[in-house]
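Scroll down for the structure; my scribbles are underneath it.
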Amino acid sequence: MWTNLTELLLALGLSPAVILTLVVVETLAVRSGAVRRVSTRIRFDTSHPLRRVLMLMRQSHVRSDGDWPYGTFLQRLEDPVRAALLASGVRRQVQAGQILIHEGHREAHLVLLEDGLTKVTASLPDGRTALLALRVGGDLVGEMSALNDRPRSATVTTCGPTTYSVIQPEQFKTFLRDHPNAALELAAMVSDRLRWSNRRRIDFSSYPVKIRVARVVADLCRSHGRQERDAVVIDVRLTQPELATICGAAETSIQKALRELRTEGLVETDYRRITVRDLATLHRCGQIADDA
């Protein structure tokens with residue numbers, strides 16, 4: 001074919017250099033078209049099973065059964081019960097700064113966090129916002145409104161990329177009826193949260209600010225700490241105003257307490273980051289019992 005085409009081009013008076021250029025261009029065009037066809041075929045072929053695999057690979061890391069943080073609702077459940085709960089919701093993914101639950105709204109769905117960090121806040125009469133709690137993957141939020149049909153008592157906002165499931169109240173009630181042990185674990189979870197809130201109230205009235213800060217930081221080490229060489233890094237990005245509200249103190253008092261803890265070599269602070277260098281001494285500073 002190429003011989004006949006070359007003879008034809010020579011007969012038309014084209015020079016050998018021009019003919020060679022046309023041959024090269026045609027060859028590259030054919031190869032490029034083949035690549036495009038292969039690429040198109042791959043994209044078309046991934047429209048069913050392979051596409052789902054690729055989508056799963058792009059999703060956030062899925063925790064194994066025993067990898068949920070201690071004390072979270074999913075960590076409390078047995079494997080089949082946990083799987084049933086995870087299958088009962090509609091999964092969503094959002095970025096930082098998204099509000100999952102609005103304080104004061106009359107809505108009853110539950111949010112089951114699967115990956116990410118969220119903060120629970122409430123509005124104060126003077127217009128400020130109080131940080132009530134932090135919730136991580138494995139935690140269940142919104143359960144009170146789902147069970148008593150009352151307006152939301154707080155706002156839940158994502159602090160980073162978050163994967164969660166939305167569960168409707170009727171589905172959740174059916175889940176609890178089908179899995180009585182899960183209902184007991186739900187009661188235990190609510191009890192632990194109430195105990196934590198009571199402990200914070202006692203701290204506010206019983207301890208000076210430095211001890212309160214030490215106790216809160218030590219508690220964050222237990223719930224959100226990550227061991228790194230000879231230190232514990234708290235994987236929670238807290239501002240000093242947020243730390244002040246959770247400790248029940250003025251921001252200036254928090255700054256002074258953190259400065260003292262830094263001077264004593266117990267903690268290091270960076271922008272929204274706390275690293276605990278001496279957890280045992282921090283416990284003694286916060287007057288925390290070994291079994292607390």
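Every heavy atom of this structure was used, including side-chain atoms; hydrogens, water molecules and symmetry mates were not. On a predicted model such as this, the values are computed, not experimentally measured, just so you know.
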Given Pro151, which of His102, Arg106, His105 fulfils the side-chain contact (heavy atoms from CB on, under 4.5 Å) condition?
Arg106
Has Arg215 got a side-chain atom pairing as donor or acceptor with Gly286's backbone, closer than 3.5 angstrom?
yes
d(Gln171 CD, Leu85 CG) to nearest 0.5 Å is 10.5 Å
Between Glu114 and Ser165, do the side chains contain a donor N or O and an acceptor N or O under 3.5 Å apart?
yes
Rounded to the nearest 0.5 Å, the OG1 atom of Thr174 sits from the CD atom of Glu170 at a distance of 6.5 Å
Counting C-beta onward and ignoring hydrogens, is there a side-chain heavy-atom pair between His109 and Val111 closer than 4.5 Å?
yes
Salt bridge or not between Glu264 and Lys210? Use side-chain N to carboxylate O under 4.0 Å.
yes
I'd like to check Asp115 versus Tyr164 (side-chain heavy atoms, cut-off strictly below 4.5 Å). Are they in contact?
no
So that I can tick it off, tell me whether Asp192 and Arg76 are bridged by a salt bridge, with the cut-off set at under 4.0 angstrom between side-chain N and carboxylate O.
yes
Are Thr118 and Leu100 packed together at the side-chain level, in the sense that at least one heavy-atom pair is separated by less than 4.5 angstrom?
yes
Can you tell me how the ring of Phe175 sits relative to the ring of His179, calling it parallel under 30°, perpendicular over 60° and tilted otherwise?
tilted
Taking the side chain as C-beta and beyond, is there a heavy-atom pair between Val156 and Thr121 under 4.5 Å?
no
Assess, by modelled atom type and distance only, whether the side chains of Glu103 and Ser123 contain a donor and an acceptor separated by less than 3.5 Å.
yes
Less than 4.5 Å apart, side chain to side chain, heavy atoms only: is that true for Gln75 and Glu185?
no
Any side-chain heavy-atom pair of Leu124 and Thr129 under 4.5 Å:
no
Would you compute the distance between atom CD of Gln168 and atom NZ of Lys173 and round it to the nearest 0.5 angstrom?
11.5 Å
To the nearest 0.5 Å, what is the distance between CZ on Arg259 and CD on Gln255?
7.5 Å
With rounding to the nearest 0.5 Å, note down the distance linking CD1 in Ile288 to NE2 in His283.
4.5 Å
Gap between atom CG of Leu266 and atom CG of Leu258 - 0.5 Å precision
11.0 Å
Does the side chain of Arg262 come under 3.5 Å of the side chain of Thr269 through a donor N or O and an acceptor N or O?
yes
